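To find a chain, count down the sequence lines: A is the first, B the second, and so on, and within it residues start at 1. Nothing here was measured: the structure is a model prediction, and the numbers come from that model.
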Number of protein chains: 2
Amino acid sequence: MNVQLGGSSSNMEPIADKKKAIFISTMELVRDKGFHGTPMSMVAKHAGVAAGTIYHYFESKEQLITELFDYAQQQVIAVVEQETCAAIPFKDCFFNLWGGLYTFYQNNQNLLRFFEQFVNSPYSSTRPPFEEDKFYTLLFAFFERGIREGELKEVSPKILATLTHSSILTIAKMTASGRLHFDKKELQQIQQLLWDGIALGR
Amino acid sequence: MNVQLGGSSSNMEPIADKKKAIFISTMELVRDKGFHGTPMSMVAKHAGVAAGTIYHYFESKEQLITELFDYAQQQVIAVVEQETCAAIPFKDCFFNLWGGLYTFYQNNQNLLRFFEQFVNSPYSSTRPPFEEDKFYTLLFAFFERGIREGELKEVSPKILATLTHSSILTIAKMTASGRLHFDKKELQQIQQLLWDGIALGR
DNA sequence: GCCAACCGAATGAACGTTCAATTGGGAGGG
DNA sequence: CCCTCCCAATTGAACGTTCATTCGGTTGGC
């Protein structure tokens with residue numbers, strides 16, 4: 001019990017194969033069929049596991065979903081931590097962050113879809129408040145740096161962070177759903193528009 | 001049967017009281033409890049109607065949800081049509097549209113929440129494709145006007161429309177969920193940032 | 001008296017969860 | 001090296017509940 005996931009940073013314990021399989025199956029099934037559309041029995045079959053086994057690792061379906069969300073969020077946080085490097089000029093860093101997050105969401109559409117379903121569902125109302133949300137704390141700090149270095153307009157970081165992340169998420173969702181497509185040039189234009197909006201013109 | 005809703009534009013038939021009550025109850029319950037959390041029996045009780053009555057108006061729960069989405073979307077479309085007035089200078093029109101849509105979502109948080117749950121659920125995959133989506137068609141046309149009049153950068157209207165709407169939705173959702181608050185001055189700053197990004201500097 | 005609107009108990013399927021039973025690997029004594 | 005005991009891991013049939021949907025019957029306006 002209490003096993004760690006993947007080759008996690010601080011802990012190289014062997015992986016909980018079954019637990020990870022349950023996570024992945026849940027994410028894929030939720031992507032296609034939604035929360036109500038994925039019974040535990042189906043998660044079990046898809047993960048190659050008996051129904052009862054899931055309850056060895058998770059107290060309930062709700063707990064499984066909640067833990068999966070935390071797992072997903074940590075992956076996103078890792079991307080932000082990797083791209084917001086203080087050694088690189090802020091402007092480059094901004095474009096890296098936008099591109100890095102976008103690429104991550106593109107390569108993990110299961111996760112993106114699960115994420116969006118979760119935050120718009122009643123599950124998310126049981127989440128910790130905003131101030132303790134590491135993802136937004138990181139983003140806020142990044143944009144504060146931009147203001148401090150005189151690269152950005154003097155606007156609340158929460159505005160800058162929210163606008164930036166919403167643009168990434170929306171474009172990624174549009175592409176993932178197949179409703180709209182954006183080619184490389186258009187993606188660069190989007191980043192540039194955003195930058196033109198938030199940067200101090202000089 | 002086949003009754004119209006509200007004091008609808010082209011049709012002034014008497015309202016289907018029960019049908020409207022079912023719509024409103026569904027929206028409120030889905031906001032609080034999500035799709036799976038709102039059984040038909042609860043919708044019935046909340047609407048002051050017998051369970052069987054719902055099936056007099058709707059074939060199934062899925063159909064109820066789908067029709068409710070169409071109903072909701074028409075209300076949003078009405079706001080866009082009202083604010084995108086060709087007689088007003090484009091820039092003013094842009095700020096009107098942003099503010100109008102934002103205010104609408106603020107005043108109709110049930111609808112906003114329902115909307116977001118719907119588009120991220122498997123229900124929405126059965127929706128008509130993008131080109132037939134009146135909402136986006138209207139938005140695209142509006143931004144095309146801006147380009148034609150030399151007010152906006154020469155970028156695909158789909159980019160401008162997507163960025164603008166995503167900013168409105170995200171800010172409204174943040175406020176509605178209570179996770180972040182934006183005061184009047186901040187809302188103006190957001191609109192201005194967006195405009196600075198997409199407008200042709202002169 | 002006719003028909004649409006409406007009711008709500010009944011139905012049957014689906015689902016989350018439980019639990020008695022089984023497996024398998026490792027610790028320890030001989 | 002082998003046997004034994006133990007317990008965590010695992011199984012899947014069974015349980016009880018919940019829910020969408022049905023349907024036979026009632027109402028009320030025309």
Check the distance between [N]'s [atom2] and [X]'s [atom1] and give it to me in whole angstrom.
X: Tyr55(A); N: dA13(D); atom1: OH; atom2: P; result: 16 Å
X: Ile54(A); N: dC15(C); atom1: CD1; atom2: P; result: 13 Å
X: Asp17(A); N: dA9(D); atom1: CG; atom2: C1'; result: 13 Å
X: Tyr57(B); N: dA4(C); atom1: OH; atom2: C1'; result: 9 Å
X: His56(A); N: dA20(C); atom1: NE2; atom2: P; result: 17 Å
X: Gln63(A); N: dT17(C); atom1: CD; atom2: P; result: 10 Å

Looking at Lys18(A), does any N or O in its side chain come under 4.0 Å of the phosphate oxygens OP1/OP2 on dA9(D)?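 For Lys18(A), the contact criterion (side-chain N or O under 4.0 Å from OP1 or OP2 of dA9(D)) is not met.
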Q. Just to confirm, is there a sub-4.0 Å distance from OP1 or OP2 of dT11(D) to any side-chain nitrogen or oxygen of Thr53(A)?
A.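 Checking dT11(D) against Thr53(A), a side-chain N or O does come within under 4.0 Å of OP1 or OP2.
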| query | Phe182(B) ring centre to Lys158(A) NZ or CZ under 6.0 Å, with the angle to the axis within 45°? | reply |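 Satisfied, under 6.0 Å and within 45°.
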- request: Answer with yes or no after comparing the ring centroid distance for Tyr123(B) and Phe35(B) against a 6.0 Å cut-off, counting only values under it.
  value: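 Yes, the ring of Tyr123(B) comes within the 6.0 Å limit of the ring of Phe35(B), centre to centre.
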- Residue Glu132(A) excluded, over 12 heavy atoms near CD under 6.0 Å: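 Check passes, neighbour count above 12.
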**Report entry** Positions of residues 26-47 of chain B (non-hydrogen atom under 4.0 Å from DNA chain C), listed by number
**Finding:**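 DNA chain C contact set from residues 26-47 of chain B: none.
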Exercise: do Gln74(A) and Asp70(A) side chains pair donor with acceptor under 3.5 Å: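 No donor-acceptor contact under 3.5 Å links the two side chains.
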Charged N to carboxylate O below 4.0 Å: is that the case for Glu144(A) and Arg148(A)?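 Salt bridge absent between Glu144(A) and Arg148(A).
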**Request:** Starting from the 5' end of DNA chain C, give me the residue, Lys61(A) or Ala50(B), whose nearest nucleotide shows up first.
**Result:**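 Upstream on the strand: Ala50(B).
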query: With nearest nucleotides of DNA chain C determined for Gly52(B) and Ser60(A) from heavy-atom distances, which residue corresponds to the more 5′ nucleotide?
result: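 Closest to the 5' end, via its nearest nucleotide, is Gly52(B).
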| Does Ser166(A) reach the main-chain N or O of Leu163(A) with its side chain, forming a donor-acceptor pair under 3.5 Å? |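 Here the side-chain-to-backbone pair exists.
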